[in-house]
There are 2 protein chains.
Amino acid sequence: MPTYKEIRNVLLDRIKSGEWRPGNLLPPEAELAEEFGSTRVTVNRAMQSLADDGFVERRRKAGTRVVQRTERDALIRIRIVRDEIEQSGRRYNYLLISRGRERPPQRIQAELGASGDLEALHIVCLHFADGRPFQLENRWINLDVVPQAGSESFETISPNEWLLQKVPYSNAEHTFRAATADSEEKEHLDLGPNEPVFVIERTTWLDGRTVTHVMLSHPADDFRIVTRD
Amino acid sequence: MPTYKEIRNVLLDRIKSGEWRPGNLLPPEAELAEEFGSTRVTVNRAMQSLADDGFVERRRKAGTRVVQRTERDALIRIRIVRDEIEQSGRRYNYLLISRGRERPPQRIQAELGASGDLEALHIVCLHFADGRPFQLENRWINLDVVPQAGSESFETISPNEWLLQKVPYSNAEHTFRAATADSEEKEHLDLGPNEPVFVIERTTWLDGRTVTHVMLSHPADDFRIVTRD
DNA sequence: AATCTTATTATGAATATACATAATAATTCA
DNA sequence: TGAATTATTATGTATATTCATAATAAGATT
């Protein structure tokens with residue numbers, strides 16, 4: 001392991017063990033460099049990476065101090081649904097339900113950051129795990145940003161995977177919520193009355209322009225999100 | 001902005017714009033250094049940070065190439081419930097419902113990584129927003145790891161905030177799911193029959209020892225999680 | 001004592017340099 | 001021709017050095 005990572009680990013251990021409590025000032029770089037038999041530059045690298053990860057706060061001359069945390073960050077890895085299903089050892093199936101150019105409803109129009117009377121591509125499709133409905137996808141694609149979508153049938157490739165190929169590095173915002181299934185969800189997800197769904201909503205944009213908005217509904221008894229690290 | 005961040009941004013723009021597609025090889029450091037009128041070390045810093053963030057993959061001699069993404073990472077910031085409520089402009093209230101030493105049920109015992117017949121502190125409490133139940137907290141604390149909890153009444157401070165003060169840098173794993181409210185949730189969260197809840201489960205550990213396990217239930221119509229950045 | 005100025009100090013950042021290491025390419029030899 | 005060896009190359013890491021910058025402390029001035 002590189003020296004700066006080793007130093008980083010030692011420092012982090014001292015923070016986690018409570019030797020350096022939130023608010024405490026850490027020794028200056030030069031002092032730590034001497035202690036570890038290294039140089040200031042290397043200690044600087046170690047402390048910078050701690051600062052990048054939010055464990056300490058650094059200000060010139062004022063020194064480095066342990067951050068007082070009142071919140072915690074959790075990381076979620078969102079896989080494309082095919083992988084999610086296959087990695088759980090189940091068989092994946094895809095079904096296109098509908099596809100067409102439409103004027104989106106007000107709420108979606110707003111999400112798409114639309115100017116006036118935009119026409120968008122509206123796709124509804126289903127993803128199955130071992131033959132059972134797993135995810136209902138209700139998607140709007142902004143044809144101003146991704147015109148090629150207009151000539152794609154989406155009968156064999158899901159819009160999710162298609163978009164990932166065309167627009168690989170867009171940004172996204174996700175919302176997670178619970179709800180009682182509406183009639184469309186009940187029908188396609190094969191749910192009884194009053195059954196809950198877990199809903200993910202995602203808006204995706206590139207260069208400030210909204211690419212797509214999607215609502216992904218899952219039967220609650222077969223879906224959960226787990227954070228990593 | 002520091003040089004290496006400027007270079008990083010330019011490189012990232014080229015990736016996002018599609019100039020460098022997934023799988024493509026980036027020019028070597030020396031070449032980019034010349035292009036930007038900088039040095040190899042500085043370009044190295046920029047490319048390292050792109051690799052840290054998962055945009056590129058680097059191997060000695062083999063070069064740096066754009067990663068083919070099939071998954072995306074989303075970051076969630078989990079605030080303590082008091083802050084969450086107050087930052088939405090609402091009044092926060094806290095109510096302790098029960099507190100006692102108990103032998104945890106099998107499922108919790110497993111979560112706590114318990115050895116045999118462990119006794120844990122079991123706390124049930126409620127968090128209100130503007131007088132309406134917002135979160136039902138059902139918590140088990142491992143007294144082997146945090147013995148001080150045994151002498152804290154938790155009548156005025158919630159276990160969440162108390163633990164954050166005592167064990168500031170623990171690790172955690174979260175699970176998010178939707179469910180129909182059970183009888184306890186219905187009673188305390190003031191829900192009608194068949195109403196859904198959004199449940200967060202969190203296990204927290206320090207040095208491989210489980211500190212606490214908690215189940216946080218919310219009325220679905222008043223709770224959602226939104227990712228950042 | 002209050003305010004302004006100056007010096008000091010810790011971190012921020014860039015560069016030149018040196019050597020390590022892993023992957024690939026080129027070469028040699030059986 | 002195929003396998004083994006060697007050279008080349010791109011990245012990985014550490015260090016010394018230099019200068020910048022911001023926050024604080026110390027001192028001078030009114």
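Residue numbers start from 1 in every chain, and the chains themselves are labelled A, B, ... in the order their sequence lines are given, proteins ahead of strands.
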Exercise. Nearest-Å distance, CZ (B:F36) to P (C:dA14)?
Worked result: 14 Å
Exercise. Does B:R69 count as lying over the ring of B:F55, i.e. NZ or CZ under 6.0 Å from the six-ring centre, within 45 degrees of the axis?
Worked result: yes
Seminar exercise, completed: Rounded to whole Å, CD of B:E6 lies from C1' of C:dA14 at a distance of 13 Å
Problem set entry | Side-chain heavy-atom pair A:F176, A:I225 within 4.5 angstrom cut-off | yes
Problem set entry | Ring centroid separation B:W140 to B:H213 under 6.0 Å | no
Seminar exercise, completed: What one should report as the nearest heavy-atom pair of A:N24 and A:E19 is OD1-O, 4.2 Å
Seminar exercise, completed: Looking only at heavy atoms, the pair that brings B:I157 and B:Y94 closest together is O-OH, 3.6 Å
Exercise. In the 5'-to-3' direction, what one-character label does each nucleotide of nucleotides 10-19 of chain D receive under the scheme B = base within less than 4.0 Å of a protein heavy atom, S = sugar-phosphate only, - = no such atom?
Worked result: BBBBSBBB--
For this session: Could you check how far CD of A:E31 sits from C1' of C:dT11, rounded to whole Å?
Result: 15 Å
